[in-house]
Peer 1: 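Next up is a structure, given as structure tokens.
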Amino acid sequence: MDKHPRRLVVIVTEAVLERTLVTDARRLGAQGYTVHDVRGGGAHGDHDGEWDADRSIQLQLICPDGVADRIAEHVLAHYAPNYRVAVWLAPVEVFRADRY
Amino acid sequence: MSLDPVVLFFLLGLLARIAKSDLRLPEPLYETLAIYLLLAIGLKGGVELARQSPAEILPLAAAAILASALIPLLAYPVLRRLGGLARADAASIAAHYGSVSVVTFAVAQAVVARAGLDAAPQLAVLVALMEAPGIVVGIVLARLDAVRDVRWGHLAHETLFGKAVYLLLGGILIGFIAGPDGLAPMKPLFGDLFKGVLCLFLLEMGLVAGGRLPDLRRAGPFLIVFGVAAPLVLGTAGVGIGVLLGLGHGGSAVFGALCASASYIAAPTAMRIAVPEANPALSIGTALGVTFPFNVTVGIPLYLELARRLAG
């Protein structure tokens with residue numbers, strides 16, 4: 001089976017941004033996404049996600065290199081200054097290239 | 001006067017967090033309890049609302065909306081000048097106090113009912129009305145120079161269709177349409193279990209409020225004083241307005257508690273979207289770490305006593 005290189009974009013941030021980020025990512029070329037509720041801590045203290053305003057999400061997108069870079073740059077430029085944001089990229093391989 | 005069990009459950013949660021207990025309510029349970037409480041409060045309110053004449057409720061609704069819009073205008077200069085806070089932070093905190101806390105309302109009703117007084121369930125409609133105006137005024141205060149840039153449509157959607165206002169208004173509407181007979185089969189769930197569920201929710205609120213205590217160190221002494229003084233002043237004014245509008249002993253105390261309360265569901269989300277540069281630790285730390293515990297333990301009994309003297 002053929003495998004195709006793609007980029008995994010992972011964004012951990014405040015749950016309040018979920019809908020905005022999904023809209024932005026789609027506009028920038030992402031075809032699909034996965035969201036998990038997560039909890040953790042970092043530079044902004046611990047966020048145990050016990051109630052609405054304190055929740056965190058992990059948004060995962062798999063897309064071509066160029067799209068991944070655009071999304072990461074956009075998130076860092078627009079949201080990182082004022083929101084809790086962690087972004088990272090990782091190489092992945094997918095089977096059905098047209099889906100990503 | 002002995003403490004209501006609801007308050008004791010809150011203290012149990014608070015103590016668990018302070019003592020670093022591993023107690024944690026699963027998030028789906030918290031969500032379920034919140035949905036239940038909002039619907040139950042709404043349903044009861046809707047049934048009572050149907051019994052009122054518009055002439056009775058309209059002045060109250062107008063007073064509630066006006067109070068919610070005025071509170072941030074009063075709080076903002078205090079936070080700016082006395083507290084020396086940045087504009088975004090002062091506006092965000094002011095918005096939290098203009099908006100209201102459904103749980104404080106529920107606790108006030110429980111305390112008033114326990115004292116054998118009319119807990120005025122129809123005031124649930126005021127809770128729904130008081131969620132948004134304070135938030136709008138807070139956003140305008142933060143964005144005085146760029147009000148046009150605010151995405152009002154997005155914010156209106158988040159506030160109106162956020163679960164707090166949506167379920168509360170939905171419950172009120174269903175209660176209003178169905179009436180007491182229609183809701184009778186649901187009484188075991190939405191009536192009899194209410195106080196027990198409220199206790200469980202307050203246990204969770206204790207855990208959450210306890211978790212905000214480290215924020216207070218960042219907030220500093222001014223905001224701690226503000227978190228106690230604001231509910232005292234606003235609660236006193238609210239009781240006075242309630243008495244003037246003929247709400248009686250119990251109803252005036254509940255209205256006082258509403259005015260004294262600060263939002264920690266609708267306002268944090270809306271302000272996070274509209275004024276992201278405001279530090280949420282300050283507003284949430286003050287609203288949830290100081291004002292909520294103050295109202296639940298000391299404030300509500302005070303408003304009840306004040307209402308007794310004024311409504312006598």
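Quick note on labels: first sequence line is chain A, next is B, and so on, each numbered from 1.
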Peer 1: Give me the contact list for residues 3-24 of chain A versus chain B, heavy atoms only, anything under 4.5 Å, ordered by residue number.
Peer 2: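 Residues A:E14, A:V16, A:R19, A:T20 are the ones that qualify, each having a heavy atom under 4.5 Å from chain B.
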Peer 1: Crowded around B:F222 CZ? As in, over 12 foreign heavy atoms under 6.0 Å?
Peer 2: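 Result for CZ/B:F222: enclosed.
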Peer 1: Excluding sequence neighbours, so at least two apart, what forms side chain to side chain contact (heavy atoms under 4.5 Å, CB included) with B:P26?
Peer 2: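 If we apply the side chain to side chain contact (heavy atoms under 4.5 Å, CB included) test to B:P26, skipping adjacent residues, the hits are B:P28, B:L29.
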Peer 1: According to the salt bridge (charged side-chain N to carboxylate O under 4.0 Å, His left out) rule, which pairs have a member within residues 84-96 of chain B, sequence neighbours left out?
Peer 2: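 Residue pairs with at least one partner in residues 84-96 of chain B: B:R87-B:D145.
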Peer 1: Show me the side-chain donor-acceptor pairs of residues 83-100 of chain A shorter than 3.5 Å, one per line, residues at least two apart or across chains.
Peer 2:
from  : atom 1 : to     : atom 2 : distance (Å)
A:Y83 : OH     : B:R272 : O      : 2.5
A:R84 : NE     : A:H47  : NE2    : 3.3
A:R84 : NH1    : A:S56  : OG     : 3.0

